[in-house]
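A short write-up of the structure that comes next.
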There are 2 protein chains.
Amino acid sequence: MNSAGYLVNNLARLLVEVLRKRIAPLGIVPGQFPALLALWEKDGLTQKELLAMLDIEQATLANTLIRMERDGLISRKEHPADARARTIHLTDQGRSIRDSAYQAAMQINEEVLADLSEDETRAFLSYMRRVIGKIKDVENS
Amino acid sequence: MNSAGYLVNNLARLLVEVLRKRIAPLGIVPGQFPALLALWEKDGLTQKELLAMLDIEQATLANTLIRMERDGLISRKEHPADARARTIHLTDQGRSIRDSAYQAAMQINEEVLADLSEDETRAFLSYMRRVIGKIKDVENS
DNA sequence: TACTATTACATAGTTAGCTATACAATGCTA
DNA sequence: TAGCATTGTATAGCTAACTATGTAATAGTA
């Protein structure tokens with residue numbers, strides 16, 4: 001029960017649930033966060049372009065976008081040049097929650113890392129990046 | 001995209017998928033792992049007793065047990081003293097994969113942590129435990 | 001002893017991830 | 001230019017997590 005895998009999984013679930021509670025008032029859920037971050041950066045992307053900015057599978061994104069549309073966060077327009085594609089646009093609502101959402105996420109980060117010093121936090125993030133990198137090249141071998 | 005939350009989530013998903021591939025030949029899936037670990041330790045538990053050993057919700061376990069039964073890993077008997085409860089027993093198959101499953105899990109741990117020194121690994125695990133502890137008491141306040 | 005509260009487990013419904021596959025539009029090539 | 005391959009997105013079906021709620025059995029109490 002103390003393996004890295006177990007701990008990472010446990011930690012991830014706890015963090016998602018904290019995030020879920022904090023952003024519920026904004027009318028969004030954790031799975032929408034990465035897509036929103038990308039769209040706040042650049043609106044009007046196609047699904048493919050958005051996908052390239054995220055670390056999830058195409059089918060996962062397609063379903064997330066359906067829920068975001070249902071929830072009034074985005075709308076989609078036909079692509080001017082390619083009838084297969086649609087461009088994705090934040091609604092007023094999707095745009096309006098930006099600052100509060102950033103706030104909530106940063107707040108959580110701060111709170112949960114409060115017991116680690118700056119150096120420890122830096123090390124922690126760097127270990128995660130290194131392990132992620134390692135897995136990705138273990139997988140492609 | 002580099003927040004602790006994002007990294008933890010990403011890492012957890014990557015690890016689960018690695019585990020999924022490695023244990024597929026054994027006829028088990030990642031969600032069954034914690035329950036199996038507990039049952040390999042002690043067979044014949046009730047759902048409630050098993051639940052107490054795991055960090056998931058009761059409903060999640062109930063569904064996992066249904067799939068484990070379906071997959072021939074466990075069987076359930078009526079509890080001798082309490083008709084509401086049932087005792088959970090590994091089948092021969094559930095018992096037989098124990099060593100290979102442990103092996104696979106340890107192997108993955110080793111591989112993905114290979115780029116961290118022993119000290120770094122220790123620190124990494126300890127940071128995760130500290131953050132988990134912090135979240136749990138942030139939540140209860 | 002008859003209610004009522006509690007307990008053990010199951011079920012419903014949701015999110016969010018995955019793989020595999022379908023489908024229509026586009027692009028390339030003989 | 002007709003036909004095939006590729007691409008962009010959607011859908012189906014699965015696991016695994018969550019909360020909320022149902023149900024039957026047990027336990028506690030007036």
Side-chain angles (χ1 to χ4, degrees), chain A residues 5-6 8-21 23-24 27-36 45-52 54-71 73-74 76-88 139, chain B residues 5-6 8-21 23-24 27-36 45-52 54-71 73-74 76-88 139:
Chain A
Y6 174 77
V8 168
N9 185 273
N10 200 209
L11 180 48
R13 282 189 292 120
L14 288 168
L15 280 172
V16 161
E17 292 311 319
V18 173
L19 184 60
R20 187 183 307 283
K21 272 160 206 151
I23 62 181
I28 60 175
V29 288
Q32 298 168 348
F33 220 101
L36 285 170
L45 297 169
T46 64
Q47 185 184 120
K48 194 197 170 185
E49 289 165 340
L50 180 53
L51 184 63
L54 308 178
D55 286 305
I56 55 175
E57 296 303 315
Q58 179 267 325
T60 301
L61 178 55
N63 283 318
T64 297
L65 290 174
I66 287 169
R67 289 191 289 269
M68 290 175 75
E69 199 163 23
R70 177 203 63 192
D71 295 349
L73 298 166
I74 57 166
R76 290 188 272 192
K77 289 194 209 150
E78 49 184 33
H79 190 282
D82 186 338
R84 293 169 301 181
R86 286 192 284 168
T87 55
I88 302 163
E139 286 309 273
Chain B
Y6 174 78
V8 168
N9 184 273
N10 199 210
L11 180 48
R13 284 188 291 120
L14 288 167
L15 280 171
V16 161
E17 293 310 317
V18 172
L19 184 61
R20 188 183 306 281
K21 272 160 205 152
I23 63 181
I28 60 175
V29 289
Q32 298 168 347
F33 220 102
L36 285 169
L45 299 168
T46 63
Q47 183 183 123
K48 193 198 173 185
E49 289 164 340
L50 180 53
L51 184 64
L54 308 178
D55 284 308
I56 56 176
E57 295 304 316
Q58 178 267 325
T60 301
L61 178 55
N63 283 318
T64 296
L65 291 173
I66 288 170
R67 288 189 290 269
M68 291 175 76
E69 200 164 24
R70 179 202 62 190
D71 296 349
L73 298 166
I74 58 167
R76 290 189 273 191
K77 288 193 211 152
E78 50 184 33
H79 191 282
D82 187 339
R84 292 168 302 180
R86 287 191 285 168
T87 55
I88 301 164
E139 285 311 272

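All of these numbers come straight from a predicted model, not from anything done at the bench. Note on naming: letters A, B, ... go to the chains in the order of the sequence lines (proteins, then strands), and numbering restarts at 1 for each one. Scope of the values below: all heavy atoms of this structure, side chains included, with no hydrogens, waters or symmetry mates.
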To the nearest Å, how far apart are L51(B) CG and dA16(D) P? 17 Å
Between dA8(C) atom P and L45(B) atom CG, what is the distance in whole Å? 14 Å
Q47(A) side chain N/O closer than 4.0 Å to the phosphate oxygens (OP1, OP2) of dT7(D)? no
Compare side-chain N and O positions of R76(A) against OP1 and OP2 of dG8(D) and report whether any pair is under 4.0 Å apart. no
Which heavy atom in L51(B) sits nearest to a heavy atom in I56(B), and how many Å separate them? CD1-O, 3.4 Å
Nearest-angstrom distance from the residue atom CD of E49(B) to C1' of dC9(C): 14 Å
Donor-acceptor under 3.5 Å (E17(A) side chain, L14(A) main chain): no
Return a single string for nucleotides 17-27 of chain C, one symbol per nucleotide in 5' to 3' order, where B is base contact, S is sugar-phosphate-only contact and - is none, cutoff 4.0 angstrom on heavy atoms. SBBB----BS-
State, without any angle test, whether N9(B) and R13(B) hold a side-chain donor-acceptor pair at a distance under 3.5 Å. yes
Got a sec, which residues hit side-chain contact (heavy atoms from CB on, under 4.5 Å) with V18(B), two or more places apart in sequence or on another chain? I135(A), E139(A), R22(B), I108(B)
Heavy-atom nearest nucleotide on DNA chain D taken for A85(A) and for R70(B); more 5' hit belongs to A85(A)
Can you check the L15(B) CG to dT15(D) C1' distance for me, whole Å? 17 Å
Between P on dA16(C) and CG on L14(B), what's the gap in Å once rounded to a whole number? 18 Å
Given atom CG of L50(B) and atom P of dA10(C), what is their separation to the nearest angstrom? 12 Å
